[in-house]
Number of protein chains: 2
Amino acid sequence: MDEAGFLAAYDPRDYPAVAVTVDVVALTIRDGRLSVLLVERGTSPFAGHRALPGGFVREETLEQAALRELAEETGLAGQVDASRAEGDLDRVHLEQLQTYGQPQRDPRMRVVSVAYLAFAPSLPEPTAGSDAARAFWVPVDEAKDLAFDHDEILADGLERARAKLEYTPLATAFTGPEFTIGELRQVYAAVWGEDLHAGNFHRKVLSVPGFVESTGATTARGGERGGPKAKLYRAGDARLLHPALLRPTREDRVR
Amino acid sequence: MDEAGFLAAYDPRDYPAVAVTVDVVALTIRDGRLSVLLVERGTSPFAGHRALPGGFVREETLEQAALRELAEETGLAGQVDASRAEGDLDRVHLEQLQTYGQPQRDPRMRVVSVAYLAFAPSLPEPTAGSDAARAFWVPVDEAKDLAFDHDEILADGLERARAKLEYTPLATAFTGPEFTIGELRQVYAAVWGEDLHAGNFHRKVLSVPGFVESTGATTARGGERGGPKAKLYRAGDARLLHPALLRPTREDRVR
DNA sequence: GCAATAGTGTCTCTTAGACACTATGCA
DNA sequence: TGCATAGTGTCTAAGAGACACTATTGC
């Protein structure tokens with residue numbers, strides 16, 4: 001940016017207008033399935049198609065714009081709306097994903113969209129009757145034929161999420177503040193789409209420094225279909241997993 | 001983006017103007033040191049400061065904009081300028097880094113900048129007398145006090161580059177089309193800032209499927225200070241290294 | 001000859017993962 | 001009682017890294 005001689009004589013009106021938006025790939029786990037937040041479009045283009053929630057960037061940071069869109073669509077409060085007591089969005093992990101700027105990605109005008117990726121614990125269904133009535137969670141394998149280039153954005157978000165579970169403790173962003181090792185394993189299974197060996201997973205998680213720390217408590221009762229009470233853990237202070245928790249090897253991913 | 005009711009009534013002139021630029025973190029290895037391409041700013045703000053090369057996005061993709069800026073600043077030809085026979089930029093690896101959009105990052109107006117990261121083999125110094133006379137390569141540990149938020153962008157680019165060498169074969173983007181294992185090791189040493197054990201590195205590189213493939217040839221002569229002729233390799237077909245080539249562990253990176 | 005580098009051999013320690021097993025608690 | 005789950009033990013194979021060593025070449 002800001003090439004010296006260029007900007008000196010620059011007037012924004014000399015250039016075709018470019019709009020900047022944010023789109024959010026918000027992931028959660030509902031009923032054991034990895035799901036993404038979608039909205040239904042009412043107007044052309046792509047009327048009737050589903051799309052990622054998003055909107056124009058105002059006088060705010062890009063991250064604030066993403067949080068604002070997320071709060072508006074889910075009907076949940078966050079830092080953005082201090083008037084509500086409960087800050088459900090406070091526990092949401094938000095990171096920038098990638099920026100999409102193909103000239104024709106929006107048929108109306110040049111729109112550059114900064115995509116964000118959010119990991120959320122299981123949130124209530126957006127309440128009907130609110131502004132967010134048209135937003136809903138959809139299992140990711142049923143989220144196809146989205147508007148614009150949102151199929152591609154979603155695919156990029158999913159790949160990022162799957163990779164991040166390998167070397168960061170972000171799986172805990174999908175759980176409540178306290179969780180069992182079994183719940184954590186179900187997060188990995190849902191995101192990666194494959195079951196993991198319970199015993200080996202258990203030992204592995206406890207052996208990675210700072211991944212989880214014990215609360216000392218256990219669940220009030222065992223599993224619905226039997227089994228002992230499980231110990232409860234909370235997220236540890238590690239920001240990276242060392243050694244990492246690698247996905248089961250797929251040779252075809254390599255080439 | 002494209003929130004339905006929102007866009008229907010949208011007029012770009014209703015919103016404060018936002019400019020979109022690209023900035024490029026172009027890395028190469030010169031004299032064994034990891035170096036970044038910088039330009040000197042002639043005008044306010046930050047007159048006299050060094051900055052990353054970049055400029056406004058025109059009617060082109062974001063990636064084309066980054067390639068164009070890189071070609072303009074280095075004076076090297078690429079796909080962008082088909083009139084030149086040699087496409088030195090063809091062998092440059094380019095990927096999107098991140099997008100920076102803090103409202104006050106440019107004091108004049110709202111500028112959202114999409115940063116790109118480039119890995120280049122050792123390129124000739126930008127020729128004096130050309131348009132690119134004010135661009136130059138600077139060892140990364142001497143690239144400080146850059147204009148705008150370019151210190152942060154450079155730091156993010158370096159961290160990305162270091163991480164990418166671990167699990168991708170992109171180190172070969174810093175070498176010529178044919179290289180020795182020793183040259184490859186020097187790339188890793190320069191980017192990571194630490195020496196690697198020659199023997200173990202050698203065996204490791206050859207053991208990763210698809211990282212490198214033998215050309216059958218050897219260097220014409222041994223090293224300048226003695227040693228046998230080394231076998232020559234070219235990049236293999238792997239896009240990911242499996243198993244990865246991890247950096248020497250630093251516990252302090254984890255928390 | 002000397003120094004530097006290419007490339008290989010070998011040993012140890014850690015980790016991933018398969019498999020087996022015990023203990024607990026719900027229906 | 002039967003079954004699912006929590007959690008642990010044990011074995012094997014692979015990989016990282018330390019160290020040693022030989023071979024080849026420039027000076």
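Chain letters run A, B, ... following the sequence lines, proteins first, then strands; residues in each count from 1. No experiment lies behind these values; they were computed from the predicted model shown.
For DNA chain D, the residues of residues 180-192 of chain A within the heavy-atom distance limit of 4.0 Å (strictly under) are Gly182(A), Arg185(A), sorted by number. Within a heavy-atom distance below 4.0 Å of DNA chain D, the residues of residues 212-225 of chain B found are Arg221(B), Gly222(B), Gly223(B), Glu224(B).
For Arg33(B), the salt bridge (Lys or Arg N to Asp or Glu O under 4.0 Å) partners two or more places apart in sequence, or in a different chain, are Asp141(B), Glu142(B). For Ala230(B), the side-chain contact (heavy atoms from CB on, under 4.5 Å) criterion is met by Thr180(B), Thr219(B), not counting sequence neighbours. In this structure Phe201(A) satisfies the ring pair (Phe, Tyr, Trp, His ring centres under 6.0 Å) test together with Tyr188(A), sequence neighbours excluded. For the ring pair (Phe, Tyr, Trp, His ring centres under 6.0 Å) test, residues two or more places apart in sequence or in another chain that qualify with His93(B) are Phe119(B). Taking the side-chain contact (heavy atoms from CB on, under 4.5 Å) definition, one finds that Gln98(B) meets it with Gln96(A), Tyr100(B), Asp156(B), sequence neighbours left out. For Asp151(A), the side-chain contact (heavy atoms from CB on, under 4.5 Å) partners at least two apart in sequence or on another chain are Leu146(A). A search for salt bridge (Lys or Arg N to Asp or Glu O under 4.0 Å) contacts involving Lys231(A) returns nothing, not counting sequence neighbours.
Listed by first and then second residue, the salt bridge (Lys or Arg N to Asp or Glu O under 4.0 Å) pairs that reach into residues 169-186 of chain A come to none, sequence neighbours excluded.
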Detail all sub-3.5 Å separations between protein N/O atoms and N/O atoms belonging to nucleotides 10-15 of chain D.
unit_1	atom_1	unit_2	atom_2	d
dT10(D)	O4	Arg203(A)	NH2	3.4

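The end-to-end axis angle of the helix from dG1(C)-dC27(D) to dA27(C)-dT1(D), rounded to 10 degrees and based on five pairs per end, is 10°.
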